[in-house]
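Below: one structure, written as structure tokens.
To find a chain, count down the sequence lines: A is the first, B the second, and so on, and within it residues start at 1.
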2 protein chains.
Amino acid sequence: MLTKKAKYGLKAMVHLAGVRPGETALVADIAASNQIPKKFLDAILGELRNAGFVHSKKGKGGGYMLARPPSEIGVGNIVRALDGPLAPIQCASKTVYRRCDDCTDETRCAVRLVMLRAREAIAEVLDKTSLEQMRGLGESGDGVRLLVGGGVVRQAMDMA
Amino acid sequence: MLTKKAKYGLKAMVHLAGVRPGETALVADIAASNQIPKKFLDAILGELRNAGFVHSKKGKGGGYMLARPPSEIGVGNIVRALDGPLAPIQCASKTVYRRCDDCTDETRCAVRLVMLRAREAIAEVLDKTSLEQMRGLGESGDGVRLLVGGGVVRQAMDMA
DNA sequence: ATCCTACTCTATAAATCTAGTCAACTTTGT
DNA sequence: ACAAAGTTGACTAGATTTATAGAGTAGGAT
Ligand code: FES
Ligand code: FES
């Protein structure tokens, strides 16, 4: 189960992907727009900054902005930065593998082998979806239309 | 991330799938074989019993046994019983859907739409794998060939 | 009767989620 | 140069869930 930290982080990133490039968004605004506890979002954006996903600027006119264009940011990596490995279990992770103390033969552990497949399935979805594509999902009329490639889409709008 | 409860539960179920039909396995034995804290496993098997996956018998010669043949038990349902919905986020669950308080328009929420796809991918793996098949994974020599005791099923394993 | 086994209840340590307070930095007005 | 206001950042703290341990209770076999 995704933690609220990751959920809020993703919502914030989607929000940031919606501001015009070069401009910043205030934590207070992001929090209000998405109904996220402000102080929690503070900490989350701090982690995303340390992980290199966003840049921050203090003082008047400050705020947060994406560090790279949203088409180059993978959803899976955002989740990894906030919630750790995608794999349901650490011994099935490819990025942050860690042995299970309680399994003697990892290569024949049924649980691990099933979860490896699950990890593959999750990564297939999350790592092949860019932040831009994810944002596009929410923009499309009724969520049925899929978008292809990284090229895209409508750029207008941002809620007031 | 799968909790340890589910991980231990799955290991216990695999163990139970390995005893001869009609016979029982002791909690102490399952715990020792799989290096699971006994008292925790006690509670886990209790939940699995309440969920109807296993039967228990007290007294000498007692223990636990599967309630149905392992080929009729889906791995996804075991996980659901212990850790709740497979979906990374509740609003993306099909079995235990619950609205997000913090999202105004659920049908256009980018986070939900992505997680809906993730849920689909996870369910595809976990719901189409039976306990028997999962156990078979651990039995096979190196994960490429897999034979299942009883009715032999050959199953190609894509990735590694 | 007594042994074996599942079951229940209570308790402790860690992680998660949320709020509050104050400190550090950056721009702007004078 | 200086003060003030706007903004992120860091530190503490309480409520809730997760993971584990201990002691003891209840039910069944011989
Ligand atoms: S090796 Fe990780 S669950 Fe068995
Ligand atoms: S509706 Fe659940 S995350 Fe938006």
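For the 3.5 Å distance criterion, the side chains of A/Tyr97 and A/Glu106 qualify, holding a donor opposite an acceptor.
Between the P atom of C/dC7 and the NE2 atom of B/His55 lies a distance of 12 Å, rounded to the nearest Å. Rounding to whole angstrom units, CE of residue A/Met65 and C1' of D/dT7 are separated by 13 Å. Between the CG atom of A/Asp83 and the C1' atom of C/dC17 there is a distance of 12 Å, given to the nearest Å. Going from atom CG of B/Leu26 over to atom P of D/dA29 covers 14 Å, rounded to whole Å. Distance A/Ile89 CD1 to D/dA19 P: 11 Å, rounded to the nearest Å. What separates CG of A/Leu82 from P of C/dA15 is a distance of 18 Å, to the nearest Å. Rounded to an integer number of Å, the gap from B/Lys11 NZ to D/dA19 P is 14 Å. Regarding B/Ile44, its CD1 atom lies at a distance of 14 Å from the P atom of C/dA6, rounded to whole Å.
Checked by atom type and distance alone, the side chain of B/Arg112 never pairs as donor or acceptor with a backbone atom of B/Ala92 at under 3.5 Å. A donor-acceptor pair is defined here as one N or O able to donate and one able to accept, closer than 3.5 Å; no such pair exists between the side chain of B/Glu23 and the backbone of B/Arg20.
Remark: A/Arg98 pairs with no residue by the salt bridge (charged side-chain N to carboxylate O under 4.0 Å, His left out) rule, at least two apart or across chains.
Between B/Tyr64 and C/dT5 there is no side-chain N or O to OP1 or OP2 distance below 4.0 Å. Not one side-chain nitrogen or oxygen of A/Tyr8 sits closer than 4.0 Å to the OP1 or OP2 atom of C/dC17. Regarding contacts with the backbone of D/dT7, every side-chain N or O of A/Ser56 stays at 4.0 angstrom or more from both OP1 and OP2.
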Task: Contact state string [nucleotides 25-30 of chain C, B base, S sugar-phosphate only, - no protein heavy atom under 4.0 Å] - done: SBS---
TODO: Give the B/S/- string for nucleotides 10-18 of chain D, one per nucleotide from 5' to 3', where a protein heavy atom under 4.0 Å of the base yields B, of only the sugar-phosphate yields S, and otherwise -.
DONE: B--------
Open item on the list: Could you walk me through whether A/Leu82 and A/Leu10 satisfy the side-chain contact (heavy atoms from CB on, under 4.5 Å) test, starting with their C-alpha distance in whole Å, then the side-chain angles of each, then the deciding distance to 0.1 Å, before giving a yes or no?
Closed with: CA-CA 9 Å; A/Leu82 297 172; A/Leu10 286 174; 5.8 Å; no
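Electrostatic pairing of B/Glu132 and B/Arg135 does not count as a salt bridge here, judged by no charged N lying under 4.0 Å from a carboxylate O. Between B/Lys94 and B/Glu120, at least one side-chain nitrogen of the basic residue sits less than 4.0 Å from a carboxylate oxygen of the acidic one, meeting the salt-bridge criterion.
Listed by first and then second residue, the side-chain hydrogen bond (donor to acceptor under 3.5 Å, both in side chains) pairs involving residues 37-56 of chain B are B/Lys5-B/Glu47, B/Lys38-B/Asp42 (not counting sequence neighbours). Sorted by first and then second residue, the salt bridge (Lys or Arg N to Asp or Glu O under 4.0 Å) pairs involving residues 69-85 of chain A (not counting sequence neighbours) are A/Arg80-A/Asp127.
Each end of the helix from C/dA1-D/dT30 to C/dT30-D/dA1 gets its own rotation axis from five pairs of C1' atoms, and the angle between them is 0° to the nearest 10 degrees.
The neighbour count for B/Arg99 CZ, taken as heavy atoms of other residues, nucleotides or ligands under 6.0 Å away, is above 12.
Expressed to the nearest 0.5 Å, how far SG of A/Cys100 lies from CG of A/Asp105 amounts to 12.0 Å.
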